[in-house]
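Worksheet for the structure shown next.
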Protein chains: 2
Amino acid sequence: MSSSSAAPGRGDKAVKPPMRDALVAAAFRLFLERGYEETTVDDIVALAGVGRRSFFRYFPSKEDVVFPDHERCLAEMTAFLAASAADDEPVRRVCDAARLVLRMYAENPAFSVQRYHLTKKVPGLRAYELSVVWRYERALARYLRTRFAGLGDGVLRADVIAAAVVAAHNNALRSWLRSDGKGDAQAAVDHALGHVQAAFGATPAPPVTQGPEDVVVVVSRRGAPLWRVVQELESALGRG
Amino acid sequence: MSSSSAAPGRGDKAVKPPMRDALVAAAFRLFLERGYEETTVDDIVALAGVGRRSFFRYFPSKEDVVFPDHERCLAEMTAFLAASAADDEPVRRVCDAARLVLRMYAENPAFSVQRYHLTKKVPGLRAYELSVVWRYERALARYLRTRFAGLGDGVLRADVIAAAVVAAHNNALRSWLRSDGKGDAQAAVDHALGHVQAAFGATPAPPVTQGPEDVVVVVSRRGAPLWRVVQELESALGRG
DNA sequence: GGCCGCGGTGGTACTGGGTTCCGTCCTGCG
DNA sequence: CGCAGGACGGAACCCAGTACCACCGCGGCC
């Protein structure tokens, strides 16, 4: 049920203190059987058998105990984006970064589904989740801004694409969570992100390679949705 | 400085109580000269000369006094979307809805700029603003979902477009706020939303009109950014 | 005119999240 | 053995938000 893998032997300094996991476990037991707002921090620490002070040593707020691994995942995403190569296609890169978040959810389907039902009911937790999602979005946008620097409206494009990627990811993630983790989350997210790449993808790196001129002919029924035309166009340009 | 227009004679039942405006004024005076977190609710009510109990009658929380008019604006946006005609172009419609929010900010530039500087500094206010923005986004997405019902991935498209519209709007809004309300906010938002419409616009109403076939020829240098191609394509299709 | 109901107001006390400060224990080390 | 430092616990505190009640001004009603 706990979020942090208990695999020992990692070189990362300290071993994960079991107290943190014990607090998460105690908190979720009470949240699920009694409700989030009906559970006080004192109840949690009493069940875990530790002092109240220790709770706030491990979690800056009561809400944080519901999202115990997002801090780590955000750090992973930041590192992933920082490790990008110069010739990576930016939109594809941020889509891959978003898949890191999905992976974290998929590692503990039962835990993720429980948390989903909690956040769906409690407004305070929804607000907290929004701030978490916002930090992911800002990380994506920061990366895209550097990649779009110099292009016209680079900052705008970065913000819009980051928002679209997050929205598509969350759409697929939530539909997977609603199904109690039964479906194929990976496929759902791939499908959703595909739409975003169809709309925004294939922006070249700033130094445009001056290739030979080329002519593309698109045949479209007037009135067809533009995004369908874009999909056709994309495949015609050889970026399928 | 207050947000609610004091125009009398509206048929909406009660006149706006001056106490609400007095609380907003007192709160912002203290927030600006002393900081948000360093100001207690008791300080505000003491300055306004009212009882502590009355503060929470007008504002459900301390954060709400910073966003005194978003509730009204959200209601206006919902009404605006509900009043849409069946043949409205959905993406254009949600862009117009987003412009309602801009109009609210532009009605009181000084107030909006002060609030911007507050929310920039205080994490708690940023989180609250996120939940407000989220409600706007959900309103847009709800409308788009109904319009895209029946289309493949209609829900996904609705969520992504709503997120993109909000991101573009906020990008332009924030850049205007950073300039202390000096630039042309309307033009900035129009420009930003134009990008979104270029990427997503012109989805036909569900019953596609079976017009005559037509041929569009696009000449593009291989390697050009896709969004440029989309812009060309859009103008070729006569949706400039 | 006296009485009553009622909505807006203020005051008081309480709950609970979050912080500060301090004391304690345990551990490793010179 | 003494000590330094870190993990833990506990008591007190601050403040946002809530519940409850007492007050007051006002219009209606008998």
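Numbers restart at 1 for each chain; the letters A, B, ... are given by sequence-line order, proteins then strands.
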- Message: Using a 4.0 Å cut-off on heavy atoms, which residues in residues 118-127 of chain B reach DNA chain C? List them by number, or say none.
- Response: none
- Message: Parallel, tilted or perpendicular, judged at 30° and 60°: which one describes the rings of B:F200 and A:F200?
- Response: perpendicular
- Query: Which salt bridge (Lys or Arg N to Asp or Glu O under 4.0 Å) pairs, counting each pair once, include a residue from residues 173-195 of chain A, with sequence neighbours left out?
  - Reply: A:R99-A:D190
- Note on the structure: residues 32-55 of chain A vs ring-ring contact (aromatic ring centres under 6.0 Å, His included), sequence neighbours excluded, gives A:F31-A:Y36, A:F55-A:F59
- Measure from the ring center of A:Y136 to the ring center of A:H169 and say whether it is less than 6.0 Å. no
- Whole-Å distance, A:F59 CZ to C:dT19 P, equals 14 Å
- Item | A:Y36 OH - C:dG17 P separation (whole Å) | 8 Å
Donor-acceptor pairs under 3.5 Å, side chain of residues 40-52 of chain B to any protein atom, not counting sequence neighbours: which ones?
{"residue": "B:T40", "atom": "OG1", "partner": "B:D42", "partner atom": "N", "Å": "3.4"}
{"residue": "B:T40", "atom": "OG1", "partner": "B:D43", "partner atom": "N", "Å": "3.1"}
{"residue": "B:T40", "atom": "OG1", "partner": "B:D43", "partner atom": "OD1", "Å": "3.4"}
{"residue": "B:T40", "atom": "OG1", "partner": "B:D43", "partner atom": "OD2", "Å": "3.2"}
{"residue": "B:D42", "atom": "OD2", "partner": "B:R52", "partner atom": "NH1", "Å": "3.3"}
{"residue": "B:D43", "atom": "OD2", "partner": "B:R34", "partner atom": "NH1", "Å": "2.9"}
{"residue": "B:D43", "atom": "OD2", "partner": "B:T40", "partner atom": "N", "Å": "3.1"}

- With B:H191 via ring pair (Phe, Tyr, Trp, His ring centres under 6.0 Å) - residues at least two apart: B:H195
- Rounded to whole angstroms, how far apart are CZ on B:F56 and P on C:dT12? 17 Å
- Message: Rounding to an integer number of Å, can you tell me how far A:E37 CD sits from D:dG17 P?
- Response: 13 Å
- Task: Compare side-chain N and O positions of A:Y58 against OP1 and OP2 of D:dA7 and report whether any pair is under 4.0 Å apart.
- Result: no
For nucleotides 21-23 of chain C, give me every protein contact, N/O to N/O, under 3.5 Å, one pair per line with atom names.
{"residue": "C:dC21", "atom": "N4", "partner": "A:R53", "partner atom": "NE", "Å": "3.1"}

- Task: Just jot down the side chain to side chain contact (heavy atoms under 4.5 Å, CB included) partners of B:A185, sequence neighbours excluded, or say none.
- Result: B:L102, B:W176
- Message: So, using ring pair (Phe, Tyr, Trp, His ring centres under 6.0 Å) as the criterion, who are the partners of A:Y116 when residues are at least two apart?
- Response: none
- Quick one: is B:S54 getting a side-chain N or O under 4.0 Å of the C:dT9 phosphate, OP1 or OP2? no
I'd like a table of atom pairs between the protein and nucleotides 12-15 of chain D - only N or O on both sides, under 3.5 Å - with the distance next to each one.
none

- Query: CE of B:M19 versus P of C:dG8: gap in Å, rounded?
  - Reply: 11 Å
- Among pairs that include at least one residue of residues 129-140 of chain B, which meet salt bridge (Lys or Arg N to Asp or Glu O under 4.0 Å), considering only residues two or more places apart or in two chains? B:E71-B:R135, B:R138-B:D159
- Item | Spacing between B:F55 atom CZ and D:dA19 atom C1', to the nearest angstrom | 18 Å
- Query: Can you list the residues that meet the salt bridge (Lys or Arg N to Asp or Glu O under 4.0 Å) rule with B:R142, with sequence neighbours excluded?
  - Reply: none
- Message: Tell me the interatomic distance from B:E38, atom CD, to C:dT19, atom P, rounded to whole angstroms.
- Response: 14 Å
- Kindly state each residue pair satisfying salt bridge (Lys or Arg N to Asp or Glu O under 4.0 Å) with at least one member in residues 109-128 of chain B, sequence neighbours excluded. B:D69-B:R115
